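In what follows, a single structure is set out as structure tokens and then discussed.
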Amino acid sequence: MKAIVNVSLKAGVLDSQGKAVHHALDSLHFDGVNDVRVGKQIVLKLDTDDKTKAMTDVTKMCEDLLANTVIEDYEIELV
């Protein structure tokens, strides 16, 4: 089983990297981009077919290491 974890800054947390990308897109004349938020994606290959165990384990990984839950949110997708 594969777990895909998407981590992004919480709403209201300044995303300086996103602002830099937005500015660069503007300078390259890409119109119509209102905001940019930059995050990270972590792909884990798991040795289980038990979705409940996988979700429990990956949630613990996120809480302990993969995301800074003070300033970041995360979403887990199991495939």
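From a predicted model like this one, the values you see are computed outputs, not experimental measurements.
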Between atom CE of Met55 and atom CG of Leu46, what is the distance when rounded to the nearest 0.5 Å?
10.5 Å

What one should report as the nearest heavy-atom pair of Asp35 and His22 is N-NE2, 4.2 Å

Using the side chain to side chain donor-acceptor pair (under 3.5 Å) criterion, which residues pair with Lys53? Sequence neighbours excluded.
Asp57

Closest contact, heavy atoms only, Leu66 versus Val7
O-CG2, 4.1 Å

Just to verify, what does Asp49 make a side chain to side chain donor-acceptor pair (under 3.5 Å) with, not counting sequence neighbours?
none

Looking at CE of Met1 and CG of Leu78, how far apart are the two atoms once the value is rounded to the nearest 0.5 Å?
6.0 Å

Rounded to the nearest 0.5 Å, what separates atom CG in Leu9 from atom CD in Gln17?
9.0 Å

Under the side chain to side chain contact (heavy atoms under 4.5 Å, CB included) rule, what do Val43 and Lys2 come out as? Steps first, then yes or no, please.
CA-CA 7 Å; Val43 180; Lys2 187 186 325 184; 3.3 Å; yes

Hphob cluster co-occupancy, Val38 + Phe30, side-chain heavy atoms under 4.5 angstrom:
yes

Is any side-chain heavy atom of Thr59 closer than 4.5 Å to one of Ile76?
yes

Quick one: pull up CG in Leu28 and CG in Leu25 and give me the separation to the nearest 0.5 Å.
6.5 Å

Can you give me the closest heavy-atom contact between Cys62 and Thr69, atom names plus distance?
O-CG2, 4.5 Å

In short, salt bridge (Lys or Arg N to Asp or Glu O under 4.0 Å) pairs touching residues 59-79 with sequence neighbours left out are Lys60-Asp64

State, with a plain yes or no, whether a side-chain heavy atom of Leu44 is found less than 4.5 Å away from one of Met61.
yes

Kindly compute the distance separating OH (Tyr74) from CG (Asn6), expressed to the nearest 0.5 Å.
13.0 Å

Decide side chain to side chain contact (heavy atoms under 4.5 Å, CB included) for Lys19 and Val36; before the verdict, give the C-alpha distance in whole Å, the side-chain angles of both, and the deciding distance to 0.1 Å.
CA-CA 6 Å; Lys19 294 291 182 199; Val36 177; over 6 Å; no

